[in-house]
Amino acid sequence: MYTRRPMVSGITLQKTCLWVGVCLLVASGCAFSRGNLGDEFKPEDVEKIKKGITTRSEVVMVLGAPDRIVQANGHDIFQYYRYDLKSGSLLLLLVNFSRVNIKSDDLYILFNRDGVVEDIVFGKRTDRLKFQFWPFGE
């Protein structure tokens with residue numbers, strides 16, 4: 001016997017496509033996250049450190065213990081840092097786009113052999129950090 005199969009009508013196909021499209025939109029999303037490592041530098045604390053005057057122990061009293069101590073040519077270098085991270089993601093069902101931006105504030109204090117500050121190098125870049133989720137270009 002011949003059995004007749006029901007045909008899929010144009011309206012049913014449109015409803016199915018619409019339903020799939022709505023599901024894709026609902027399944028997509030955005031995610032933003034932020035993290036930082038280290039303590040923020042206070043400008044007034046950095047200004048308290050004077051070349052040729054401030055000692056190693058006075059620096060520790062003002063800024064706390066350094067994050068890293070490096071020795072170079074008989075000199076101690078205290079490094080203090082703060083990293084800031086911002087991440088944005090566009091989450092789709094099949095493809096995800098994500099971008100992570102990291103910037104740092106770095107403070108290096110170079111001591112002479114007597115333990116007195118010889119030089120200070122300070123860079124602040126975390127104030128220019130922005131959220132972005134598109135991974136291509138600026």
Side-chain angles (χ1 to χ4, degrees):
M1 269 192 101
Y2 175 73
T3 58
R4 194 169 159 206
R5 293 188 340 185
M7 293 180 54
V8 176
S9 70
I11 295 174
T12 305
L13 185 60
Q14 288 175 348
K15 286 182 181 179
T16 303
C17 288
L18 181 63
W19 177 249
V20 168
V22 168
C23 287
L24 286 174
L25 285 174
V26 170
S28 66
C30 294
F32 295 95
S33 60
R34 181 175 186 172
N36 49 29
L37 174 67
D39 297 324
E40 190 169 352
F41 304 118
K42 296 178 185 170
E44 58 271 9
D45 288 343
V46 176
E47 290 173 4
K48 290 178 184 177
I49 301 167
K50 305 293 182 194
K51 293 180 189 179
I53 300 172
T54 309
T55 64
R56 182 181 292 126
S57 60
E58 292 170 333
V59 169
V60 172
M61 285 177 38
V62 171
L63 297 174
D67 296 308
R68 182 178 297 147
I69 300 174
V70 179
Q71 291 185 344
N73 290 337
H75 297 281
D76 285 341
I77 302 171
F78 282 11
Q79 179 188 7
Y80 295 88
Y81 56 78
R82 177 178 182 267
Y83 291 98
D84 197 2
L85 172 139
K86 292 183 181 177
S87 173
S89 300
L90 176 61
L91 307 170
L92 304 174
L93 193 59
L94 299 175
V95 178
N96 296 326
F97 296 102
S98 183
R99 185 168 192 163
V100 177
N101 292 326
I102 301 173
K103 295 215 184 237
S104 66
D105 297 337
D106 294 291
L107 174 62
Y108 296 93
I109 303 172
L110 177 77
F111 296 95
N112 63 20
R113 295 182 194 276
D114 298 326
V116 177
V117 174
E118 187 174 293
D119 201 5
I120 302 168
V121 179
F122 179 57
K124 183 168 180 64
R125 299 183 310 164
T126 58
D127 55 350
R128 298 185 304 246
L129 191 62
K130 55 186 174 181
F131 279 111
Q132 296 173 301
F133 65 82
W134 187 248
F136 310 108
E138 285 300 312

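We count residues from 1, following the sequence as given. A quick note: this is a predicted structure, and the numbers were derived from the prediction, not measured.
Listed for the Tyr80 side chain is a donor-acceptor partner under 3.5 Å among the backbone atoms of Gly64. When atom types are taken as modelled, the side chain of Asn73 and the backbone of His75 share no donor-acceptor pair closer than 3.5 angstrom.
With a 4.5 Å cut-off on side-chain heavy atoms, Leu107 and Phe78 do not count as touching. For the pair Lys124/Glu40, a side-chain contact is recorded, criterion being any heavy-atom separation below 4.5 Å from C-beta on.
Each of Val59 and Tyr81 belongs to its own hydrophobic cluster when Ile, Leu, Val, Met, Phe, Trp and Tyr are linked at side-chain heavy-atom distances under 4.5 angstrom. Placement of Phe122 and Phe111 within a single hydrophobic cluster is found when ILVMFWY residues are connected by side-chain heavy-atom separations under 4.5 Å, directly or transitively. Val100 and Leu37 fall within the same hydrophobic cluster, defined by Ile, Leu, Val, Met, Phe, Trp and Tyr side-chain heavy atoms under 4.5 Å apart, directly or through other members.
Not counting sequence neighbours, the partners of Asn101 by the side-chain hydrogen bond (donor to acceptor under 3.5 Å, both in side chains) test are Gln132. With sequence neighbours excluded, the residues satisfying side-chain hydrogen bond (donor to acceptor under 3.5 Å, both in side chains) with Asp106 are Ser104. Residues forming a side-chain contact (heavy atoms from CB on, under 4.5 Å) with Asp45 (at least two apart in sequence, or on another chain): Lys42, Lys48, Val62, Leu63.
Judged as a salt bridge (charged side-chain N to carboxylate O under 4.0 Å, His left out), not a single pair has a partner in residues 62-73 (not counting sequence neighbours).
Side-chain contacts under 4.5 Å among hydrophobic residues (ILVMFWY), followed directly or transitively, place Leu110 together with Val70, Ile77, Tyr108, Val121.
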Would Leu85 and Asn36 count as a side-chain contact (heavy atoms from CB on, under 4.5 Å) if you check the C-alpha gap in whole Å, the side-chain angles of each, and the deciding distance to 0.1 Å? CA-CA 6 Å; Leu85 172 139; Asn36 49 29; over 6 Å; no

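For the atom pair Ile69 CD1 and Gln79 CD, the distance stands at 11.0 Å (nearest 0.5 Å).
Classification of Lys103 and Asp84 as a salt-bridged pair fails, no side-chain N sitting under 4.0 Å from a carboxylate O.
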Counting only pairs under 3.5 Å, give me each side-chain donor-acceptor contact of residues 49-56, with atom names and distances, residues two or more places apart or in other chains.
from	atom 1	to	atom 2	distance (Å)
Lys50	NZ	Glu47	O	2.9
Lys51	NZ	Asp119	OD1	3.2
Thr54	OG1	Lys50	N	2.8
Thr54	OG1	Lys50	O	3.3
Thr55	OG1	Ser57	OG	3.3
Thr55	OG1	Glu58	N	3.4
Thr55	OG1	Glu58	OE1	3.4
Arg56	NH2	Asp76	OD2	2.9

